[in-house]
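Read through the structure below, which is laid out as C-alpha cells, and then see the notes.
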Amino acid sequence: MTDRTQCCVVGGGPAGMMLGLLLARAGVAVTVLEKHEDFLRDFRGDTVHPSTLRLLDELGLGERFAELPAGKLAKMRIQIGSKTVVMADFGRLREPYRHIAMVPQWDFLDLLASAAAEEPSFTLRMCSAVTGLRKDGAGRTTGVHYRDADGVERELAAPLTVGCDGRGSVVRREAGLRQISFDVPMDVWQVRVPKAEDDTDGEVFGHFGGGQVSVTMDRGDYFQTSYLIEKGRNEALRAQDIAVFRARLAELFGWPEARLESLGSWDDVKLLRVEMNRLRRWYGDGVLCIGDAAHTMSPVGGVGVNLAVQDAVAAARVLAEPLRCGRVPAAALAKIQRRRWLPMAVAQQSQRGEHEMLLRPALDGTLDENKLPLMLRALQRAPFLRGLTAYIGGMGILPEHAPAFARRTAA
C-alpha cells in the first residue's frame with residue numbers, strides 16, 4: 001500500500017517536529033513518521049536554549065510555551081573540590097531570553113505537534129517505524145518503507161525524505177552516508193533522585209572530585225542526575241553492589257544515603273553510550289539528514305536539541321519553494337549543509353575541548369582544584385568571558401530566525 005506526500009520526515013524529535021511544523025506553514029504537504037506511540041521517554045534533552053525560546057516567539061508559540069512546567073537556569077556552575085566555577089552566565093546575554101528553560105522534552109514536542117496539527121497539510125503518524133528507503137531504478141530515494149501500528153508494511157512516496165531519526169538513524173544507514181567519529185572519554189549513567197522539601201530549586205550543578213563527575217538538573221520533584229563513567233567501563237562497574245554507587249552519589253552531593261534508597265538495583269540506572277560524530281555529506285539524491293542523524297553531539301552543554309531545531313529552521317527556509325514545485329535539486333540540499341556546517345563544527349570543537357580540558361582529567365583523577373586549566377582560571381577572573389560562553393552555548397554560531405512564511409502572532 002503506497003501513500004504520497006511532498007516531504008517525508010522520519011523521526012518525531014525536535015528536528016522532525018520543527019521541520020514538519022515549518023513546512024506545513026509553508027503549505028507543503030508533509031508527513032512525519034514517529035516509531036513510538038507517544039513522546040514520553042526519560043533522560044532526553046530537556047534544555048531549551050535562548051535561541052529556541054526566541055524562535056518560539058517568532059512562531060507565535062511563546063505564550064503557549066510559557067504555560068508549560070519549566071525551570072530556569074541563569075548560570076551554569078561546576079564545583080571542583082572546594083572551588084566553584086561559573087562556566088556560563090546567561091544573564092549577561094543581550095537577547096530577549098537570558099536563561100535556559102528546563103522543560104520535559106515530551107511537553108516541548110507535544111506543543112510543536114499541536115501547533116503543526118492546526119495546519120491542513122500536516123500529518124503525524126505515530127507507531128510508524130521506518131524499515132528502509134524506497135528507491136527508483138536509478139537509485140534515487142523516492143520515499144520510505146515503514147511498518148504501521150498494526151504491523152502492516154506500507155510505503156510512503158515523496159520527492160524528499162529527511163532523516164531526523166537520531167543517532168541510530170535508519171535513513172542515514174540506508175542512504176549509505178559516511179560518518180567521521182571522534183573519541184570521547186565517557187559514557188553516562190542516568191538516574192532519578194527524589195528531592196527534599198528544603199532543596200534549592202532551579203539549579204544545574206556539576207560536581208568533580210576524587211575521580212568522579214556528576215551533574216544534577218532540577219526536574220521539580222526529583223533531580224535528573226547524570227554520573228559519568230570512563231568509556232567502556234559500564235559492565236565492570238555494574239559488577240559491584242548498587243550500594244557502592246549510592247555511596248558515591250551521597251559523597252559527591254552531600255545527600256543522605258536514605259535519599260538514594262529509590263536506587264534499588266542496577267535496573268534503575270540507565271546507560272547512555274556517548275557518541276560524537278558527523279557526516280561528511282548530509283544528503284544524497286532525494287534524501288537529507290539533519291540533527292543527530294547528521295551530527296551526533298556529546299551531552300556536554302545540552303546543545304544537541306537546539307542545534308537540531310536550528311537545522312530544521314534552515315532546512316525549511318531552503319526547501320519550502322522547491323518542495324512546492326515537486327522536486328528538490330541537490331544544490332538546495334548542499335546549501336543547507338553549508339549553512340549549518342560551521343555552527344555544528346564549532347559546537348563539536350567546543351565539546352571536544354571540554355572533554356580534554358575537564359572530563360578526561362576528572363575521570364582519571366588528575367584534575368587538581370589548585371591547578372585548574374587556564375580557561376577555568378580565566379572564567380574565574382574575567383566575568384565577561386562567562387557571557388561569551390553563554391552566547392556560544394545558548395545562541396550558537398549563526399542562530400536562525402523563523403522564515404517569514406512561518407511567523408505568526410500569538411492567538
Side-chain angles (χ1 to χ4, degrees), residues 43 45-47 71 73-90 100 102 184-196 198-220 222-231 233-234 237 240 242-263 268-272 274 298-303 351 353-373 375-377 379-380 386 389-390 393:
F43 307 120
D46 292 341
T47 54
L73 171 65
K75 293 182 179 179
M76 192 171 291
R77 300 179 176 91
I78 63 172
Q79 184 170 328
I80 303 173
S82 62
K83 292 184 177 179
T84 298
V85 179
V86 177
M87 298 292 287
D89 183 352
F90 297 96
I100 289 176
M102 294 177 291
V184 294
M186 77 290 192
D187 289 318
V188 180
W189 285 344
Q190 297 174 317
V191 297
R192 291 186 176 204
V193 177
K195 284 183 64 178
D198 58 349
D199 281 326
T200 303
D201 291 334
E203 290 288 314
V204 172
F205 217 106
H207 287 254
F208 296 69
Q212 300 182 89
V213 181
S214 190
V215 180
T216 60
M217 178 184 294
D218 183 356
R219 299 320 313 267
Y222 69 94
F223 287 115
Q224 180 174 317
T225 303
S226 299
Y227 183 90
L228 278 61
I229 62 173
E230 289 183 283
K231 190 71 177 174
R233 291 271 293 155
N234 176 62
L237 292 173
Q240 300 173 333
I242 188 67
V244 175
F245 179 45
R246 290 200 298 262
R248 288 175 178 172
L249 285 179
E251 177 186 3
L252 270 177
F253 293 102
W255 288 328
E257 291 202 32
R259 173 85 70 88
L260 300 163
E261 288 178 353
S262 60
L263 300 180
D268 299 315
V269 182
K270 309 305 179 186
L271 173 68
L272 170 66
V274 177
S298 161
V300 168
V303 299
Q351 289 183 326
E354 286 197 48
H355 289 172
E356 299 308 314
M357 172 188 70
L358 194 58
L359 299 185
R360 197 181 297 277
L363 289 170
D364 66 21
T366 61
L367 183 64
D368 185 346
E369 65 175 292
N370 297 313
K371 297 179 180 179
L372 293 179
M375 183 59 187
L376 297 189
R377 298 200 303 272
L379 286 169
Q380 286 182 305
R386 304 168 196 168
T389 54

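Please read these numbers as outputs of a predicted model, since none were measured by experiment.
For Thr225 (side chain) and Phe223 (main-chain N/O), a donor-acceptor pair under 3.5 Å exists by modelled atom type. For Arg77 (side chain) and Thr84 (main-chain N/O), no donor-acceptor pair under 3.5 Å exists by modelled atom type.
Between Arg386 and Val86, the closest heavy-atom pair is CG-O, 3.6 Å. Here the closest non-hydrogen pair linking Asp268 and Val191 is O-CG1, 3.7 Å. Residues Leu260 and Ala250 share a closest heavy-atom pair of CD1-N, 3.6 Å. Between Val215 and Phe253, the shortest heavy-atom distance links the atoms N-CZ, 4.2 Å. Heavy atoms only, all atoms of each residue included: Met375 and Met357 are closest at CB-SD, 3.6 Å. Scanning both residues, Val300 and Gln351, for their nearest heavy atoms gives O-NE2, 2.8 Å.
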Stepwise side-chain contact (heavy atoms from CB on, under 4.5 Å) test for Leu376 and Leu358 | CA-CA 9 Å; Leu376 297 189; Leu358 194 58; 3.7 Å; yes

Can His207 and Gln212 be said to form a side-chain contact (heavy atoms from CB on, under 4.5 Å), step by step?
-> CA-CA 8 Å; His207 287 254; Gln212 300 182 89; over 6 Å; no

Under the side-chain contact (heavy atoms from CB on, under 4.5 Å) rule, what do Trp189 and Leu271 come out as? Steps first, then yes or no, please.
-> CA-CA 5 Å; Trp189 285 344; Leu271 173 68; 3.9 Å; yes

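Between Glu369 and Ser82, some side-chain heavy-atom pair lies under the 4.5 Å cut-off. Taking 4.5 Å as the limit, every side-chain heavy atom of Ile78 sits out of range of all side-chain heavy atoms of Val213. Between Leu372 and Gln380, the closest side-chain pair of non-hydrogen atoms falls below 4.5 Å. Taking the side chain as every heavy atom from C-beta outward, Thr47 and Leu73 never approach each other to under 4.5 Å. The shortest distance between side-chain heavy atoms of Glu354 and Met87 falls below 4.5 Å. Residues Gln190 and Ser226 are in side-chain contact: their nearest non-hydrogen atoms beyond the backbone lie under 4.5 Å apart. Side-chain atoms of Arg377 and Val85, non-hydrogen and from C-beta on, never get closer than 4.5 Å to each other. Two residues are said to be in side-chain contact when any heavy atoms from C-beta on lie closer than 4.5 Å; Pro299 and Val274 meet this criterion.
Taking CG of Asp187 as the reference point, atom CG of Asn234 lies at 7.0 Å (rounded to 0.5 Å). To the nearest 0.5 Å, the span separating OG1 on Thr389 from CE on Met76 amounts to 9.0 Å. Taken from OG in Ser214 to CD in Gln79, the straight-line distance is 12.5 Å, to the nearest 0.5 Å. Atoms CD and CZ, from Gln224 and Arg192 in turn, are 8.0 Å apart once rounded to the nearest 0.5 Å.
Listed by chain and residue number, nothing satisfies the salt bridge (Lys or Arg N to Asp or Glu O under 4.0 Å) test with Lys83 (two or more places apart in sequence, or in another chain). Gln240 meets the side-chain contact (heavy atoms from CB on, under 4.5 Å) test with Leu237, Val244, Arg248; sequence neighbours excluded. Under the side-chain contact (heavy atoms from CB on, under 4.5 Å) criterion, Glu356 pairs with Arg360, not counting sequence neighbours.
Checked against Tyr227 for a side-chain contact (heavy atoms from CB on, under 4.5 Å), the options Val269, Leu252, Val188 give a single hit: Leu252.
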